[in-house]
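All residue numbers refer to positions in the sequence shown, counting from 1. Predicted, not measured: the structure shown is a model, and the values here were computed from it. Values reported hereafter were calculated over all heavy atoms of this structure, with side chains retained and with hydrogens, waters and symmetry mates removed.
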Amino acid sequence: MSENKDAVLMNQNVAPEQFDWDSFESGLDAEARKEKSDLEEIYKGSLSDLEDNDVLVGKVVRLTDKEAIVDINFKSEGVISLNEFRYNQGLQVGDEVEVMVDRREDKTGQLQLSHKKARTLKAWDKVNELHESGEIVNGFVKSRTKGGMIVDVHGIEAFLPGSQIDVKPIKDYDQFVGKTMEFKVVKINPEFKNVVVSHKALIEADIEGQKREIIAQLEKGQVLEGTVKNITSYGVFIDLGGVDGLIHITDLSWSRVNHPSEILEDGQTVKVVILDFDDEKTRIQLGMKQLEAHPWDALSADLKVGDKVKGKVVVLADYGAFVEIAPGVEGLIHVSEMSWSTHLRSAGDFVKVGDEVEAEVLTLDREDRKISLGMKQLSKDPWENIEAKYPVGSQHVGTVRNFTNFGVFVELEEGIDGLIYISDLSWTKKIKHPSEFCNVGDKLDVVVLELDTAARRLSLGHKQLQENPWDKFETKYAEGTVHNGTATDVFDKGAQVQFEDAEVEAFCPSRLLEKEDGSKIKKGETADFKVIEFNKEFKRVVVSHTGTFRDEERRNAKEAAAKPAATSGEEKTTLGDIDALAELKKKMEGGN
């Protein structure tokens, strides 16, 4: 009140327009007001200008059971829940911490700060820097999650995919929980605040460095030690200490290998030699068998063509069998050298894999390292003394083996086959294909017709075992003879006629099927037929039914024409008689 009185007194003798309202309202004169303003400016200058997104550094001035009191040099101190310092169990009074303003004043007028927000914002800036620079960062593996792990990187929860933990597949993720590991930030999504890290990328970088170092030193013929990394059906991948090489299955051993697992197993340490690589040395071809002497070098120098050897069948194919006669030395027995039989069969009919066999050396090429063997040479050649066993004209029983369009192959014994031409199967049957006459596997009586020892050819016959019925048919069915027969089939050009001899089948042209009443013989009808052609060589018989009665008509006409002219007392020829003769002549001219 005294200050207001003083202000009134100062203004009591002044004109209204000079009245000092500031002094009146504040109760302070101009000098006092200036001093107050100066003090306020000094106070404001001692306080920070707070922005919601600014990260400030504060000092912990007091700790309670639930909160940390932090001085940020503001008009009032701020509070932060201790839950935000769980990662820092050693927080003490006097520690400096990063904070952000959460709320300027709560309902009690207290300034609310957040250490977690400040740490997260700072962490995002740091993580973005790490992503751009590719710098390695330490992270704490907090827990497992679907498909990977959760990693704390500077306060941010990043995702570590299972495929990015190691270069090898990981089965037990729990072994990494609670560990601090090195990572590389490989992906950031600012929109969803997602961070993806990788430990595998660091391992691959190390491996790549080692790989370049190793590759730079590689040379063909160099012998290295490696570890079996992966076994496939076609070969084995070897880890040479950061770089992989392949041993093809054919380079594992001089002996034949069915599958690489027969020789090597995962994790096994082996010595290998570098056989080849590409220009960048990214594909390295390795070998193991090359570290051993070639088996052919150990093959006896005394071995020669004609010698007998023993071995084991290691590979079987339709065309033959490969026999190992010494470790790493294989010879081929072609199927044609397994038996003296001339008809083709599969090698599986004679041997199987694992069989111990004896054979004769047929060819031997040490330079090209090739050898061919034969089994049949150990048994007697059935063609020896063939003339004594199968002379021309001798009769035998054989087995039908197979057909061709022109005949039948008959086996007389193992290795002795003969051919019966289709024309030598039957005297009477018209055979278009041998399968119409017999079946494979049938027993067949044969006679030796020809024998060519040099060419190993045997010509056989079957019909020659019987008398040729066409010899007697030649007399019985001579031209001009008449026989009773049945039309078994009638078609446009004529009919097939069967006589009492089943082997004889004749043909009657259509125009010669006409009967006396003008109709034609139908299928199944029986009638007399006259033979007008007989060919023994081609078994051809041609007949005519019309000819059986036309011949008689001709004879009657000739007899009538030969009679002398009527004398007196005989009847003279009438007009009707002339007409009858003309009709008879017409019929005769129309037939045979």
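- Under the 3.5 Å distance criterion, the side-chain polar atoms of E436 are matched with a main-chain donor or acceptor of K432.
- Side chains of L286 and L240 form a contact here, defined as non-hydrogen atoms less than 4.5 Å apart.
- You'll find the side chain of I263 stays beyond 4.5 Å of the side chain of V236, heavy atoms only.
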- Message: As a quick check of understanding, evaluate side-chain contact (heavy atoms from CB on, under 4.5 Å) for I165 and Y173, giving each step before the final call.
- Response: CA-CA 9 Å; I165 298 176; Y173 288 3; 4.1 Å; yes
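- Looking only at side-chain heavy atoms (C-beta outward), L160 and M181 stay at 4.5 Å or farther from each other.
- Taking OG1 of T453 as the reference point, atom CD of E384 lies at 12.0 Å (rounded to 0.5 Å).
- Listed by chain and number, the residues in a side chain to side chain donor-acceptor pair (under 3.5 Å) with K289 amount to none (sequence neighbours excluded).
- Evaluation of the side-chain contact (heavy atoms from CB on, under 4.5 Å) rule for E84 yields I80, S114, H115, K116 as partners, not counting sequence neighbours.
- By the side chain to side chain donor-acceptor pair (under 3.5 Å) test, T399 pairs with K443, sequence neighbours left out.
- A heavy-atom distance below 4.5 Å is not found between the side chains of V400 and N439.
- Listed by first and then second residue, the side-chain hydrogen bond (donor to acceptor under 3.5 Å, both in side chains) pairs that reach into residues 301-311 are K304-D307, sequence neighbours excluded.
- Here the side chains of I333 and V351 are not in contact, with every heavy-atom distance at 4.5 Å or above.
- Using a 4.5 Å cut-off on side-chain heavy atoms (C-beta onward), I371 and I325 make contact.
- W383 places a side-chain N or O within donor-acceptor distance of the main-chain N or O of G415, the cut-off being under 3.5 Å.
- Every residue two or more places apart in sequence or in another chain was checked for a side-chain contact (heavy atoms from CB on, under 4.5 Å) with K171, and none qualifies.
- Here salt bridge (charged side-chain N to carboxylate O under 4.0 Å, His left out) pairs that include residues 175-185, with residues two or more places apart or in two chains, number zero.
- In this structure, W254 and H294 have tilted ring planes: the angle between them lies in the 30° to 60° band.
- Within a 6.0 Å radius of CD in Q268, other residues, nucleotides and ligands contribute more than 12 heavy atoms.
- For the pair S336 and K376, the tightest heavy-atom approach, listed with the atom from each and the gap, is O-NZ, 3.1 Å.
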- Can you check side-chain contact (heavy atoms from CB on, under 4.5 Å) on D417 and E411, steps first, answer last? CA-CA 4 Å; D417 287 356; E411 185 181 58; 3.2 Å; yes
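- With values rounded to the nearest 0.5 angstrom, I420 atom CD1 is found 10.5 Å from F403 atom CZ.
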- Item | Intermediate values then yes/no, side-chain contact (heavy atoms from CB on, under 4.5 Å), L111 and I72 | CA-CA 10 Å; L111 176 65; I72 59 169; 3.7 Å; yes
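- Residues in residues 224-241 take part in these side-chain hydrogen bond (donor to acceptor under 3.5 Å, both in side chains) pairs, two or more places apart or across chains: K229-D244.
- Contact detail for G328 and P295: the closest heavy-atom pair is CA-CG, 3.7 Å.
- Listed by chain and residue number, S255 satisfy the side chain to side chain donor-acceptor pair (under 3.5 Å) test with E324 (two or more places apart in sequence, or in another chain).
- No more than 12 heavy atoms of other residues, nucleotides or ligands sit less than 6.0 Å from atom OH of Y421.
- V272 pairs in a side-chain contact (heavy atoms from CB on, under 4.5 Å) with only one of the listed residues (L291, I247, D251, V223), which is I247.
- In this structure, CZ on F237 lies 11.5 Å from CD1 on I231, to the nearest 0.5 angstrom.
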- Message: Please evaluate residues V228 and E265 with respect to the criterion side-chain contact (heavy atoms from CB on, under 4.5 Å), reporting the C-alpha separation (whole Å), side-chain torsions for both, the decisive distance (0.1 Å), and the verdict.
- Response: CA-CA 7 Å; V228 176; E265 57 185 25; over 6 Å; no
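- Counting heavy atoms from C-beta on, the side chains of L218 and L224 come closer than 4.5 Å.
- The list of salt bridge (charged side-chain N to carboxylate O under 4.0 Å, His left out) pairs with a residue in residues 359-370, not counting sequence neighbours, reads D297-R369.
- S198 and Q164 are linked by a side-chain donor-acceptor pair at a separation below 3.5 angstrom, with hydrogens and angles left out of the test.
- Residues that satisfy the salt bridge (charged side-chain N to carboxylate O under 4.0 Å, His left out) test with D65, not counting sequence neighbours, are absent from this structure.
- Using a 4.5 Å cut-off on side-chain heavy atoms (C-beta onward), V397 and V446 make no contact.
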Identify each donor-acceptor pair in which a side-chain atom of residues 140-147 lies under 3.5 Å from a protein atom, sequence neighbours left out, and give them as a table.
| unit_1 | atom_1 | unit_2 | atom_2 | d |
| --- | --- | --- | --- | --- |
| K142 | NZ | E157 | OE2 | 2.6 |

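- For E413, the salt bridge (charged side-chain N to carboxylate O under 4.0 Å, His left out) partners are K389, not counting sequence neighbours.
- Counted within 6.0 Å of CZ on R457, heavy atoms from surrounding residues, nucleotides or ligands total 12 or fewer; the atom is thus considered open.
- A distance of 3.5 Å separates CD1 of I386 from CD1 of I416, quoted to the nearest 0.5 Å.
- Shown here for V315 and R256, the closest heavy-atom pair between the two residues is CG2-CD, 2.7 Å.
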